[in-house]
Amino acid sequence: MIEIADFSASVNLEDIIPEALQDENLAKEMVRAGQEILQRTIKSNAQRHKRTGSMANSVKAKAPTATRGGDVVGSVTFTGKDKNGMNNAQKALWLDYGTKHINGTAFVRSAVKSSEGAISEALEQVFNSKVKG
């Protein structure tokens with residue numbers, strides 16, 4: 001798997017979440033909310049490079065999982081290959097960063113950057129719905 005961009009937020013849950021809410025399910029729900037936003041934004045940005053739609057349609061969010069350390073992580077990645085057998089993640093990497101033959105367009109990196117505020121809001125909404133809810 002090739003990872004192009006990484007967005008992370010770190011919070012000590014014990015400091016801000018009542019013990020009753022300190023469970024993996026809340027964290028997974030929060031991560032899923034952020035993944036949905038990032039997936040939509042990357043997919044939208046990938047449309048600029050649309051010839052067949054294969055790369056844009058390959059943007060998928062993987063189910064959040066808990067690490068051994070107790071952190072919950074999720075990823076948004078490019079899956080599969082296009083009709084010519086080219087790996088969509090590799091194609092996205094080349095388009096984002098460029099090669100010696102083409103200039104990069106930073107469509108994934110810009111999606112991560114432009115989504116930060118919306119992702120933070122989504123995490124807060126999920127959290128507040130459980131705390132107040």
Side-chain angles (χ1 to χ4, degrees):
M1 174 175 69
I2 298 172
E3 289 193 35
I4 295 175
D6 185 23
F7 173 81
S8 65
S10 180
V11 175
N12 184 353
L13 294 178
E14 294 169 358
D15 291 343
I16 62 168
I17 300 177
E19 189 172 329
L21 290 176
Q22 290 181 25
D23 70 34
E24 213 173 89
N25 293 327
L26 172 60
K28 284 181 179 179
E29 193 174 331
M30 292 171 72
V31 168
R32 269 192 298 277
Q35 285 177 295
E36 289 171 7
I37 292 167
L38 186 57
Q39 180 180 1
R40 272 194 312 267
T41 308
I42 291 173
K43 198 172 204 171
S44 174
N45 284 3
Q47 294 298 326
R48 288 186 274 168
H49 303 289
K50 185 176 180 178
R51 287 193 183 138
T52 66
S54 174
M55 186 182 63
N57 292 331
S58 78
V59 179
K60 305 288 184 223
K62 295 189 177 188
T65 57
T67 66
R68 288 183 190 166
D71 296 327
V72 175
V73 297
S75 64
V76 176
T77 188
F78 293 86
T79 62
K81 297 180 179 185
D82 69 11
K83 67 179 183 170
N84 298 317
M86 180 177 230
N87 182 303
N88 285 313
Q90 193 171 29
K91 185 188 324 180
L93 180 68
W94 291 342
L95 290 169
D96 203 58
Y97 286 94
T99 68
K100 66 180 183 178
H101 301 290
I102 62 169
N103 292 325
T105 57
F107 75 99
V108 175
R109 291 175 286 150
S110 67
V112 171
K113 187 71 175 160
S114 69
S115 297
E116 288 178 354
I119 290 171
S120 293
E121 287 178 27
L123 299 178
E124 187 175 334
Q125 286 177 353
V126 171
F127 175 78
N128 287 339
S129 72
K130 297 297 182 185
V131 172
K132 297 176 182 176

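What you see is a predicted model; the values in this text were computed from it and never measured. Residues: numbered from 1 along the sequence shown.
A heavy-atom distance below 4.5 Å is not found between the side chains of Asn88 and Thr79. Glu121 has its side chain out of reach of Ile37: every pair of non-hydrogen atoms, C-beta onward, lies at least 4.5 Å apart. For the pair Phe78 and Leu93, the minimum side-chain heavy-atom distance is 4.5 Å or more.
Checked by atom type and distance alone, the side chain of Asp71 never pairs as donor or acceptor with a backbone atom of Thr67 at under 3.5 Å. Side-chain N or O atoms of Ser44 include none that pairs as donor or acceptor with a backbone N or O of Arg40 at under 3.5 Å. Put simply, the side chain of Asn84 never gets that close to the backbone of Met86: no donor and acceptor are under 3.5 Å apart. Gln39 places a side-chain N or O within 3.5 Å of a backbone atom of Val59 that can act as its donor or acceptor partner. The backbone N or O of Val76 lies less than 3.5 Å from no partner atom in the side chain of Gln35, so there is not a single donor-acceptor pair.
Partners of Ala106 by side-chain contact (heavy atoms from CB on, under 4.5 Å), not counting sequence neighbours, listed by chain and number: Asp96, Arg109. Listed by chain and number, the residues in a side-chain hydrogen bond (donor to acceptor under 3.5 Å, both in side chains) with Lys91 are Asp82 (sequence neighbours excluded). Not a single side-chain hydrogen bond (donor to acceptor under 3.5 Å, both in side chains) links Ser114 to another residue, sequence neighbours left out. In this structure Ser110 satisfies the side-chain hydrogen bond (donor to acceptor under 3.5 Å, both in side chains) test together with Asn45, sequence neighbours excluded. The side-chain hydrogen bond (donor to acceptor under 3.5 Å, both in side chains) search around Thr41 returns Ser115, not counting sequence neighbours.
Atom CD of Gln90 is separated from atom CG of Leu95 by 11.0 Å, given to the nearest 0.5 angstrom. Between the CZ atom of Phe107 and the NE2 atom of His49 there is a distance of 5.0 Å, given to the nearest 0.5 Å. To the nearest 0.5 Å, the span separating NZ on Lys130 from CD on Gln125 amounts to 13.5 Å.
Think of Val72 as one node in a network of Ile, Leu, Val, Met, Phe, Trp and Tyr side chains linked at under 4.5 Å; its network also takes in Val31.
Taking all atoms of both residues into account, the shortest heavy-atom contact from Gln47 to Ala56 is NE2-CB, 3.3 Å. Between Ile42 and Ala111 the shortest heavy-atom distance is CG1-CB, 3.6 Å. For Ala66 against Lys28, the heavy-atom pair with the smallest separation is N-CE, 4.3 Å.
Other residues, nucleotides and ligands contribute over 12 non-hydrogen atoms within 6.0 Å of the NZ atom of Lys43. For Asn103, the CG atom is loosely surrounded, since the number of other residues' heavy atoms within 6.0 Å does not exceed 12.
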